[in-house]
Structures are given as C-alpha cells and as structure tokens.
Amino acid sequence: EDQVTQSPEALRLQEGESSSLNCSYTVSGLRGLFWYRQDPGKGPEFLFTLYSAGEEKEKERLKATLTKKESFLHITAPKPEDSATYLCAVPPKGGSSNTGKLIFGQGTTLQVKP
Amino acid sequence: NAGVTQTPKFQVLKTGQSMTLQCAQDMNHNSMYWYRQDPGMGLRLIYYSASEGTTDKGEVPNGYNVSRLNKREFSLRLESAAPSQTSVYFCASGSGNSYEQYFGPGTRLTVT
C-alpha cells in the first residue's frame, strides 16, 4: 500500500535553532515529491517539487532534499513566521499526471518561539 | 486573480440536512479535487475531476456527491449530513500536466 509518513508530528524550536523534518514514502517509481506549507485556518500552499534522488531546492530558510526513500525539509535559523504545518505528498503508484492525484502525509506542526 | 475560492467559509448543519459546498478556480486548470482534513488524518481525497465532464472517487467518497459544472466550478454535495462528516473541506485545482495542486481557503463544517 502506498504510504507517506511524516515525523515528528510536532516540533518546537527556539528562534535560530536549526532542525529537519522527515517525510518517508513507500511508493515505488516516484514521480515527484511535493512539500506544502499550511498556516492555521488556511489551505496548503505549494513550496517545492523534487523529482530525483540527490535533488535539492531552497527557499529562504528552507531547503528540501530527496533520497530514494525519504525527503527532508531542513530549516536553518528559523523565525517565528516559519511556524506552520508542513505537509509532504507523492503521486500514488500507477497514478497519472493527467489526474494529478496525490497522497499526503499527516504533516509536521512546527512552532518557533522568539 | 483570485486562485481557488470556496464558499461558505463556515457552516453548521443538523444531522440529516443537506448542503452543497462550492468551489471555483480562475487558473484555467483542468483538474479539480475535494479533500477533507481531520486531526491526525492528514488530507484525504474525497472526489476528483481530471477534466470537465469527468469525476472519479477518491479515498473517502461515501456520503458525498460531486458535480463538475464547467471548467471553473466543482461542487461537493452532502445529501444527508452525519456527525462523522464534521471536518474542514478543501478544494484544489491543478493543470493536469503536473502534480502541483493549488488549494482554496477551506470550509469548516460542523454537523450536530
């Protein structure tokens, strides 16, 4: 069964304290891994797409990396405004980009304290 | 350019009542999706529409129906609401040529 698992469920950091979030998946023949940010009371907002092992993408204090079985979202020197829930998602096995279906993980809720 | 819009933002229903959640996108996307989000369960796909005129079941379709009214609009209907349908509902759209999806602000539904 296709699965996406994120850890930890929740993470509390002090401002400036770097850390990483994990997203592991069991889908074979990966056709992309997607990271989203979700602020409380809002819809998820697209951050990154990674397609192949070794690929990295950066945006401000966030850097996403991909291996054959997992992805990491590294947060360097976070600020309180980075507080949000971070979701990762992958297309299911056999899925077609014509449908664009995704399987989402449960998310990691990040809180950054000043 | 509003992106994906959803109405209403909040709704309270009594068990057995019906309602329709509306979604519209102005990005000329082919694909549209309805998800529900519950604590600890992540986003679960209810129904999707890969193109105008087609709809398909997702992971949790029971108790719901959908209509792809035109390329812009995709509605979700609860015929007889149940407390188990208390959730936050998100509509999303995608170009259909990739897996990137763009989400609306959500509808918070409570069924008592």
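Chain letters run A, B, ... following the sequence lines, proteins first and then strands; every chain starts at 1.
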Selection from A/P44, A/G107, A/G41, A/G105 maximising heavy-atom pairs under 4.5 Å formed with chain B | A/P44

Is there a path of hydrophobic side-chain contacts, each under 4.5 Å between heavy atoms of I/L/V/M/F/W/Y residues, joining [Y] to [X]?
X: A/F104; Y: A/Y86; answer: no
X: A/F48; Y: A/L33; answer: yes
X: B/Y33; Y: B/L109; answer: no

Heavy-atom neighbours of [X] [atom1] exceed 12 at 6.0 Å:
X: A/E9; atom1: CD; result: no
X: A/K42; atom1: NZ; result: no
X: B/R72; atom1: CZ; result: yes
X: B/R77; atom1: CZ; result: yes

Can you tell me how far CG of A/L102 sits from OH of B/Y48, rounded to the nearest 0.5 angstrom?
-> 12.0 Å

How many angstroms lie between CD in B/Q101 and CZ in A/F46, if you round to the nearest 0.5 Å?
-> 10.5 Å

Measure A/Q6 against the heavy atoms of chain B and call it side chain, backbone, both or neither at under 4.5 Å.
-> neither

What part of A/L87 lies closer than 4.5 angstrom to a heavy atom of chain B: side chain, backbone, both or neither?
-> side chain

Chain A heavy atoms under 4.5 Å from B/Q6: which part of the residue, side chain, backbone, both or neither?
-> neither

Contact class of B/L43 relative to chain A, heavy atoms under 4.5 angstrom |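 Looking at B/L43, backbone and side chain both touch chain A.
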
If we only count heavy atoms from C-beta on, is the A/Q38 to B/F90 side-chain gap below 4.5 Å?
->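 Yes; the side chains approach each other to less than 4.5 Å.
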
Determine whether the aromatic ring centres of A/Y36 and B/F103 lie less than 6.0 Å apart.
-> yes

Minimum heavy-atom separation for A/K101 to B/Y99, with atom names?
->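 Between these two residues, the closest heavy atoms are O-CD2, 3.7 Å.
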
